[in-house]
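Keep in mind the model is a prediction, meaning the values are calculated, not measured. All values below were derived from every heavy atom in this structure, side-chain atoms included, with hydrogens, water molecules and symmetry-related copies excluded.
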Amino acid sequence: MGGRLSRQSSLEDEPEDSMDMGPLRGETTAGSRTDFALTSLILNSERILRRNKPAPYVRRAAWIRDIQALLRDHKQERALHILRVLRKDLGLEGTFLNDILYRHVTFLNLVDPISHELLLSLARELQCPRKEQDQMKSTDRICRQLLYHLTPHSKWHRHSLPRRKSMACLKNSLQQKANTESLDLSGISLTPRDVQRVILYLQSHGDNLTSIDLSFTDLTDSTLSLILPALAVLPNITHLALNGNRLTCSTLKELSEAMKDSANFPSLAWIDLGNNVDICSMPQPLLLGLRRRLCQQNLLPTIPEAQDSDLSEGGIPMSFPLPWNR
């Protein structure tokens, strides 16, 4: 209709049946076909990525289980080799504490000090063995703590819910009371369409939120860039968990740029970016942005670890201070 009005003067002398009446039912314009094809391409590429390439935490958990099995079979050298591979994959290649503290300066900016502390403890147990029985108990306990920290343990993920029930879990989470202070979507695999639902929820009920957990939700750089503007304007959010996803260093650049504007994330104290693809250290602009938002506080908070009843076998989750708190 708008096209007809803008061209009315040039079409006054044309026959009425020759006027452009727009696409008939069942027909599509070239622009709409292009938009639909682009949307389908994005969605299909996301599906292919999820199906063909598991998230990084999957292979890391498999390595930890391999270490447990090798230690039970008394194959310590092989277990040490896999431990080195695991530490390299997480961005910590040194073996000894001195190597990390004095030779690798990025240790001060680590995104996941909990995993690195546990890996250091495991390396000490393997390189400075005690009695065989004591060593087996301690190494198995550390491995279980690592598995707890590096894998999802939410109520949604524990039962390996199919997609239809996963959508129901997302719907239930987004129908909670408007005055709640936290949003926990950990373990629910979010598609681009799901992310749009989350954005609508944040725009309607996000003002009261202080903590948002998007860990182990299969977020990629592209899906996070969709939700980032809605997260940045939340006035009271202090903790944002993005660990266990498919994020890369390009996300760090986007976050650092967002933190340069004091209007974005005005109350944010910490972002958990551990256990992603290749995010091993926090860039200085991002750290400085967090420090500025802490006002008069001198210390960044510790990364919280919730107690979980599944660890009744002795693997107790721990809360480590961040490196610059020591």
### Query
Is the backbone of L242 close enough, under 3.5 Å, to the side chain of N245 for a donor and an acceptor to pair up by distance?
yes
### Message
Counting only heavy atoms not in Q196 (residues, nucleotides, ligands), do more than 12 fall under 6.0 Å from its CD?
### Response
yes
### Query
D194 side chain to T191 main-chain N or O, any donor-acceptor pair under 3.5 Å?
yes
#### Entry: With sequence neighbours excluded, residues passing side chain to side chain donor-acceptor pair (under 3.5 Å) with D278
none
### Message
In the structure I gave you, are the side-chain heavy atoms of L202 and L183 within less than 4.5 Å of one another anywhere?
### Response
yes
### Task
Applying side-chain contact (heavy atoms from CB on, under 4.5 Å), run through L231 and I212 and close with a yes or a no.
CA-CA 9 Å; L231 292 171; I212 298 180; 3.6 Å; yes
### Message
I'd like to know if the side chain of Q135 and the backbone of E125 have a donor-acceptor N/O pair within less than 3.5 Å.
### Response
yes
### Query
Between D272 and G274, is there a donor-acceptor pair closer than 3.5 Å when you use the side chain of the first and the backbone of the second?
yes
### Query
Does D89 pair with R59 as a salt bridge, N-O distance under 4.0 Å?
yes
### Summary
Residue set satisfying side chain to side chain donor-acceptor pair (under 3.5 Å) with S250, at least two apart, ordered chain then number -> D221, T248
### Query
Sub-3.5 Å donor-acceptor pair from the side chain of N208 to the main-chain atoms of T180, do we have one?
no
### Minimum side-chain heavy-atom gap T223-L190 below 4.5 Å
no
### Query
How would you list all residue pairs meeting salt bridge (charged side-chain N to carboxylate O under 4.0 Å, His left out) that involve residues 247-265, not counting sequence neighbours?
E257-K260
### Task
With sequence neighbours left out, write down each residue that passes side chain to side chain donor-acceptor pair (under 3.5 Å) with S211, or none if nothing qualifies.
none
### Message
Just to verify, what does D213 make a side chain to side chain donor-acceptor pair (under 3.5 Å) with, not counting sequence neighbours?
### Response
S215
### Task
Would you mind reporting whether C143 and L122 have side-chain heavy atoms less than 4.5 Å apart?
yes
### Query
Can you find a pair of side-chain heavy atoms, one from L71 and one from T139, that are under 4.5 Å apart?
yes
#### Entry: W270 and its side-chain contact (heavy atoms from CB on, under 4.5 Å) partner, picked from L290, T238, L240
L290
### Message
Whether the H149 and N275 side chains hold a donor-acceptor pair (N or O, under 3.5 Å, no angle test) is what I'd like checked.
### Response
no
### Query
Transitively linked via ILVMFWY side-chain contacts under 4.5 Å: V233 with F265?
no
### Message
Go through it in stages, so that I can follow the logic: the residues are R246 and N276, the test is side chain to side chain donor-acceptor pair (under 3.5 Å), and I'd like the CA-CA distance, side-chain angles, deciding distance and then a yes or no.
### Response
CA-CA 5 Å; R246 304 171 184 268; N276 277 286; over 6 Å; no
### Message
Go through it in stages, so that I can follow the logic: the residues are R78 and D73, the test is salt bridge (Lys or Arg N to Asp or Glu O under 4.0 Å), and I'd like the CA-CA distance, side-chain angles, deciding distance and then a yes or no.
### Response
CA-CA 10 Å; R78 178 62 180 164; D73 294 337; over 6 Å; no
### Query
Under 3.5 Å, is there a donor-acceptor pair between the S267 and N236 side chains?
no
### Query
Taking side chain as C-beta onward, heavy atoms only, is L247 less than 4.5 Å from I279?
yes
### Query
What residues, two or more places apart in sequence or in another chain, satisfy side-chain contact (heavy atoms from CB on, under 4.5 Å) together with A62?
none
